[in-house]
Each structure stands twice: as structure tokens, then as C-alpha cells.
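All ligand and atom numbering here is 1-based and tracks the order in the structure. As a basis for the values below, the full set of heavy atoms in this structure was taken, side chains included, without hydrogen atoms, waters or symmetry mates. The structure presented is a predicted model; accordingly, all values stated were derived computationally and were not measured.
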Amino acid sequence: MTSGRTFPPGFLWGTATAAHQVEGDNKGNDWWEFEQQPGRISNGDRSGLANDSYNRYREDFSLLREMNNNAHRLSIEWSRVEPQEGEFDSRQLRHYRDVLGELREQGMRPMLTLHHFTNPAWFARKGGWAASGAPAAFLPFVRRVVDELGDLVELWCTINEPNIYATQGWVFNAWPPGRTNDIRSLWRVLANLRQAHEEAYAEIKRRWPERPAGLVHNRFLLTPYNRKNPLDQLVARAGSLAMDNWPVAAGRLQRTVAASGDFVGLNHYSGRLVRFDPRHPGQQFAFQQNPPGYRVSDFGDAVVPEWMHESLVDLKSLGKPVYITESGIATHEDAWREDFLKEILAEVLRAIADGVDVRGFFHWTAIDNFEWSRGWTVQFGLIGMDPVTLERKPKPSSRLYARIANENAIVD
Ligand code: FCB
């Protein structure tokens with residue numbers, strides 16, 4: 001083993017999940033309602049029992065332990081904890097105490113996300129994140145979780161992917177509340193999420209000043225088709241500003257992260273090449289394409305390992321530690337996932353060598369789960385699941401990941 005393939009001491013190895021995608025029976029949130037509308041989810045799929053991880057979390061955590069993971073990212077379901085506005089369910093809070101306690105007992109550090117796409121139905125009915133009172137309605141939940149569970153949480157993520165959440169829901173009509181090009185609401189949603197992030201961060205710091213907390217940002221990389229062509233550069237830059245609309249609405253990522261973030265959570269999956277093309281005024285003269293020569297995932301996205309390096313190096317100027325809070329591929333070919341792991345981790349090491357302070361890697365995901373509007377049609381897991389018996393079936397990639405975590409290094 002050469003040291004060039006080894007990660008820094010104390011590096012965190014884990015997987016990432018979101019409550020709605022794995023727990024099952026989350027009937028009280030806006031996603032559950034959305035899934036009942038015909039035509040919303042591929043194949044007419046529903047989350048249903050999902051992985052039934054609400055009940056099987058012990059078994060699931062043993063599988064993570066078998067992968068030698070020393071950390072795990074999970075989210076807490078707001079609609080369970082606060083099923084009606086102002087009414088907190090102490091039984092559910094106890095459940096999450098059990099979950100976090102079990103995780104720690106099995107040797108993994110919990111990284112807890114406060115908001116990962118789903119909202120209680122009561123909150124959605126009041127206008128959700130587009131309503132002016134949204135951050136104030138979110139805060140009591142945050143306070144409860146911070147006060148009652150915080151002793152068990154080692155790392156906090158405030159909001160998951162504000163840019164993706166807001167555009168899928170208010171521009172592309174793909175996720176709740178199912179709006180198309182509602183740009184005015186989009187900006188309100190982004191501003192509200194930014195405020196919610198800042199207030200959640202302040203709450204966490206008030207109670208647990210030593211525990212790192214941060215925002216999770218999705219970087220969908222837009223790269224000029226011809227790096228030497230100024231027009232390609234221009235449209236790629238404009239596109240990036242739109243994709244990173246969080247910093248635009250929020251008054252720049254730098255300031256938000258500097259003022260209220262101990263680390264940056266990076267979710268990175270893919271991107272596109274962008275070329276200036278006068279024939280596409282509707283797309284701001286930007287023609288997007290997958291780069292030739294790279295494999296395309298079941299999501300339709302090219303997988304370009306070098307883009308992980310680029311995304312990480314871009315974050316260097318923020319001067320904060322980075323956790324890769326999600327990285328993975330949608331594929332039914334697990335052998336590709338094994339190659340992917342080695343390739344992507346080599347890019348992470350290259351970024352570390354270039355001075356980026358990367359502290360951990362959370363693979364999306366542990367077990368194949370309910371992938372939002374794609375339902376059960378795509379698979380991101382290191383572990384498979386029988387759809388009828390819900391039996392867990394570790395894939396060969398899980399054994400590779402176990403060896404990587406054990407060695408704290410890329411292995412063959
Ligand atoms: C991210 C989400 C996560 C999962 C992966 C594939 O955008 O945060 O819940 O859907 O994509």
C-alpha cells in the first residue's frame with residue numbers, strides 16, 4: 001500500500017440516507033401526498049414501507065458496521081416529531097434517541113440532517129417554504145431536536161440541497177408542490193431556506209458550541225465545452241450561477257458559509273458541458289450535453305470523476321473543512337460502482353493533495369431506496385433489497401467499501 005492512496009487519519013467513512021427514502025410509512029408529510037397523485041412518480045411507484053428502516057435500523061446499522069464505517073449520515077422526519085403544528089410527539093423523539101444511541105453503540109458517529117426535502121402536511125398546507133412564516137414555523141422543531149437529541153449528534157447538517165429542492169419543486173414541476181417556472185416563489189423559497197439555515201445553525205451553536213454544523217450544497221458542475229472560448233465560458237458561468245442559485249439568492253455562498261457554517265457539506269454527482277449556441281435563446285444560448293467518452297448513469301447523467309476534484313477545489317477558497325455528504329451512481333451494474341468508488345476516491349485524494357481539507361466521505365447510499373420522483377427504478381445502494389421480503393443483500397461493492405474503510409485507503 002503506497003501512502004499516495006491513504007486518507008488522512010480520522011477520516012470519516014460512511015453512507016448517507018434520508019428519512020423518507022428509507023423509513024417507510026411516512027404518511028404525514030407532503031411527499032406521501034404527492035406520491036398518491038397519478039403520474040408523479042416513475043412507474044406509479046410509492047415509498048410505502050420503503051426499506052422499513054424505521055423498524056429495522058438495528059439490522060441496517062450492523063450492515064454498516066460490517067462495512068467498517070465509522071460514521072453515518074441520516075435525517076430526522078419533521079412530520080413524525082411534530083405531526084401537528086406545535087404538538088410534539090415524545091414517543092417519536094424517544095425513537096430517534098434509540099436510533100442515534102444504537103448508531104453510536106455500533107461505533108458510528110451520527111451526522112444528522114434537520115431538513116431533507118420533506119415537510120409535515122400541515123406546513124405544506126400553509127404554503128410551505130414559499131410562505132413568509134416558513135422559517136419561524138421550522139424553528140420550534142429545530143429547537144426540540146437540538147435540545148432533546150443533541151447530546152447524541154456529532155455533526156449537524158441544517159438543510160439539504162436548497163438549490164435542488166427549490167428548483168425541482170418550483171421550476172421543474174418534479175417534486176412537491178409541483179410548480180412550473182414559478183420564479184417569484186423560487187426566490188422566496190431560497191431566501192427562507194437561507195434564513196432557516198442561519199437560525200438552525202445559531203440554535204445548534206447555542207446549545208452545542210463544540211459540535212460542527214453546516215449546510216449541504218449540491219454542486220452540478222457546468223463546464224465550458226471549449227475552455228478557451230470566451231462565449232462558452234460565459235454561458236457556463238451564467239449557468240453555474242443559476243445552478244448555484246442558493247448563493248445568488250442568499251447573497252453568496254461564501255458569506256453564508258463563513259458566517260454560519262463550521263464545514264461545507266458537498267453533494268456532487270454530475271454536471272454537463274455547456275456550449276454557446278445562438279439557436280437556443282430559451283436556454284440562455286447555452287446548449288448542454290454530456291461529455292463524450294464517459295459512462296452515463298441510469299439517471300441520464302455522465303459520470304466524470306475529475307469533476308469531483310474540480311468541485312472540491314472550487315470550495316477551497318471558503319477556507320472551511322469539507323465533508324462529501326453524498327456521492328454515488330445510479331446503476332444496476334454493481335461492478336461499475338466498484339470502479340466508480342476507486343476512481344472518485346482517487347479524485348478526492350488529489351483534491352486533498354491540492355490542499356482541500358476533506359474530512360469524510362458519505363456514499364449515497366447504503367441500501368437501494370425510494371428515489372423521489374424516480375421511485376424504485378434506480379439503484380444507488382451498496383446493499384440491495386428484495387422488494388417483497390425486504391431482505392437486505394450486500395453487493396460486492398459493499399465488500400470493497402468495507403476494505404477501503406478498514407484500510408483508510410484505496411485498495412485494489
Ligand atoms: C440527492 C438527494 C438524495 C438522493 C440523491 C440521489 O440530490 O439529496 O436524497 O436523492 O440525490
Side-chain angles (χ1 to χ4, degrees), residues 14-24 26 29-32 34-35 40-42 45-47 50-51 53 72-78 111-119 129 156-172 174-176 189-190 193 197 214-221 243-246 264-272 296-303 307-308 311 323-332 336-337 340-341 344 361-383 385 397:
T15 57
T17 60
H20 188 72
Q21 295 178 270
V22 303
E23 283 184 348
N26 272 321
N29 70 32
D30 53 351
W31 257 94
W32 186 275
F34 193 71
E35 290 163 31
R40 286 300 192 183
I41 315 295
S42 306
D45 285 352
R46 310 231 167 126
S47 57
N51 299 135
S53 293
H72 178 57
R73 175 173 177 234
L74 73 172
S75 79
I76 183 161
E77 177 59 34
W78 181 7
M111 175 186 263
L112 188 69
T113 309
L114 289 165
H115 188 269
H116 197 128
F117 299 161
T118 54
N119 304 297
W129 285 99
W156 294 88
C157 298
T158 54
I159 313 273
N160 185 66
E161 300 186 348
N163 56 342
I164 303 295
Y165 173 75
T167 44
Q168 293 286 71
W170 280 267
V171 180
F172 301 128
W175 293 356
V189 170
L190 288 166
L193 289 170
H197 157 72
L215 176 81
V216 172
H217 182 61
N218 180 300
R219 197 79 213 288
F220 186 84
L221 211 76
M243 274 318 292
D244 285 340
N245 49 32
W246 164 255
V264 189
L266 171 70
N267 291 358
H268 172 68
Y269 290 89
S270 187
R272 296 261 195 284
V296 173
S297 76
D298 293 350
F299 240 82
D301 291 327
V303 177
W307 284 351
M308 175 59 91
S311 301
Y323 288 94
I324 297 162
T325 35
E326 291 180 27
S327 165
I329 43 170
T331 181
H332 286 70
W336 183 19
R337 200 176 330 275
F340 166 82
L341 275 172
I344 212 80
F361 181 87
F362 293 82
H363 181 266
W364 185 273
T365 185
I367 306 171
D368 292 335
N369 60 37
F370 178 74
E371 179 46 46
W372 309 115
S373 56
R374 306 297 276 267
W376 294 94
T377 62
V378 291
Q379 302 185 337
F380 278 91
L382 297 161
I383 299 165
M385 183 184 80
S397 58

Peer 1: Considering non-hydrogen atoms only, spot the tightest contact between A16 and T365 and give its length.
Peer 2: O-OG1, 2.7 Å
Peer 1: Kindly print each ligand 1 N/O atom paired with any protein N/O atom under 3.5 angstrom away, one pair per line, or none if nothing qualifies.
Peer 2:
unit_1   : atom_1 : unit_2 : atom_2 : d
ligand 1 : 7 (O)  : E161   : OE1    : 2.6
ligand 1 : 7 (O)  : E161   : OE2    : 3.0
ligand 1 : 8 (O)  : H116   : NE2    : 3.2
ligand 1 : 8 (O)  : N160   : ND2    : 2.9
ligand 1 : 8 (O)  : E326   : OE1    : 3.2
ligand 1 : 8 (O)  : E326   : OE2    : 3.0
ligand 1 : 9 (O)  : Q21    : OE1    : 2.8
ligand 1 : 9 (O)  : H116   : NE2    : 2.8
ligand 1 : 9 (O)  : W372   : NE1    : 3.0
ligand 1 : 10 (O) : E371   : OE1    : 2.9
ligand 1 : 10 (O) : E371   : OE2    : 2.8
ligand 1 : 10 (O) : W372   : NE1    : 3.0

Peer 1: State, with a plain yes or no, whether a side-chain heavy atom of Y323 is found less than 4.5 Å away from one of M111.
Peer 2: yes
Peer 1: Could you tell me whether the side chain of M308 reaches within less than 4.5 Å of the side chain of S327, counting heavy atoms only?
Peer 2: yes
Peer 1: Between W32 and T118, is any pair of side-chain heavy atoms under 4.5 Å apart?
Peer 2: no
Peer 1: May I ask you to test the Y269-F299 pair for a side-chain heavy-atom distance under 4.5 Å?
Peer 2: no
Peer 1: What residues, two or more places apart in sequence or in another chain, satisfy side-chain contact (heavy atoms from CB on, under 4.5 Å) together with T377?
Peer 2: S42, N43, D45, R374
